[in-house]
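Below is one structure, written out as structure tokens; comments come after it.
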Amino acid sequence: MQDEVLGDGDPTQAHQTFKLAKSPLTYFSRPGAASGVVSTLEIRVDGILWHQRPSFYGAGPNDPIYIVRHDDDQNTFVTFGDGVRGLRLTTGRGNVRASYRHGAGAERRRRVPSIRSSETSPA
């Protein structure tokens, strides 16, 4: 999905959250990444690339960051800062945009249970 409009920035709202239109968000394996995988998601606000973090912990009030959460239905939600931990969004119509891949990837493969045949299972 290229340049999906997530919504309008509103600096009066702390932790403004948007849902991606397509799911599941694709992840790829990356050695050295904290979780071993990275998402394909890129978020731009007013055309400026913001950075994904695992949490708001340690973020300053001017850090252009966001966090990503998933629900049980594999919907993806992007949340921005509150002005204390992470920058709040700027005012704008359609100024919060996302580019990402959706569908199978490392995240999906990880959820598939393995099947062992009786020939390879220990006795």
Please give me the minimum heavy-atom distance between [X] and [Y], naming the atom from each residue.
| X | Y | value |
| --- | --- | --- |
| S55 | R69 | CA-NH2, 4.4 Å |
| A59 | I65 | CB-CD1, 3.3 Å |
| P11 | T91 | CD-OG1, 3.0 Å |

- [ ] Evaluate the side chain to side chain contact (heavy atoms under 4.5 Å, CB included) criterion for residues E42 and L49: first the C-alpha distance (whole Å), next the side-chain angles of each, then the deciding distance (0.1 Å), finally the verdict.
- [x] CA-CA 7 Å; E42 287 188 350; L49 182 65; 4.0 Å; yes
Should [X] and [Y] be regarded as members of a common hydrophobic cluster, given that ILVMFWY residues are connected when their side-chain heavy atoms come within less than 4.5 Å of each other, either directly or indirectly?
| X | Y | value |
| --- | --- | --- |
| V38 | L41 | no |
| V37 | V78 | yes |
| I67 | L20 | no |

Open item on the list: Is a donor from one side chain sitting under 3.5 angstrom from an acceptor on the other, for H70 and T76?
Closed with: yes
Approximate separation, where rounding is to 0.5 Å, of [X] [atom1] and [Y] [atom2]:
| X | Y | atom1 | atom2 | result |
| --- | --- | --- | --- | --- |
| T79 | Y66 | OG1 | OH | 11.5 Å |
| L6 | E4 | CG | CD | 5.0 Å |
| T90 | F80 | OG1 | CZ | 10.0 Å |

Tell me whether [X] contacts the main-chain N or O of [Y] through its side chain, where contact means a donor paired with an acceptor under 3.5 Å.
| X | Y | result |
| --- | --- | --- |
| N95 | D8 | no |
| Y100 | S39 | no |
| S99 | D3 | yes |
| R85 | D82 | no |
| D46 | I48 | no |

How about [X]: does its [atom1] atom have over 12 heavy atoms from other parts shown lying under 6.0 Å from it?
| X | atom1 | answer |
| --- | --- | --- |
| R93 | CZ | no |
| R44 | CZ | yes |
| R101 | CZ | no |

TODO: Using the side chain to side chain contact (heavy atoms under 4.5 Å, CB included) rule, take N62 and L87 through it: C-alpha gap first, then chi angles, then the decisive distance, then the call.
DONE: CA-CA 5 Å; N62 296 314; L87 187 62; 4.2 Å; yes
TODO: Quick one: do D10 and L89 satisfy side chain to side chain contact (heavy atoms under 4.5 Å, CB included)? Show the steps, please.
DONE: CA-CA 6 Å; D10 180 354; L89 292 173; over 6 Å; no
Open item on the list: The test is side chain to side chain contact (heavy atoms under 4.5 Å, CB included); show your working for T40 and F28 and say whether it passes.
Closed with: CA-CA 8 Å; T40 57; F28 289 106; 3.1 Å; yes
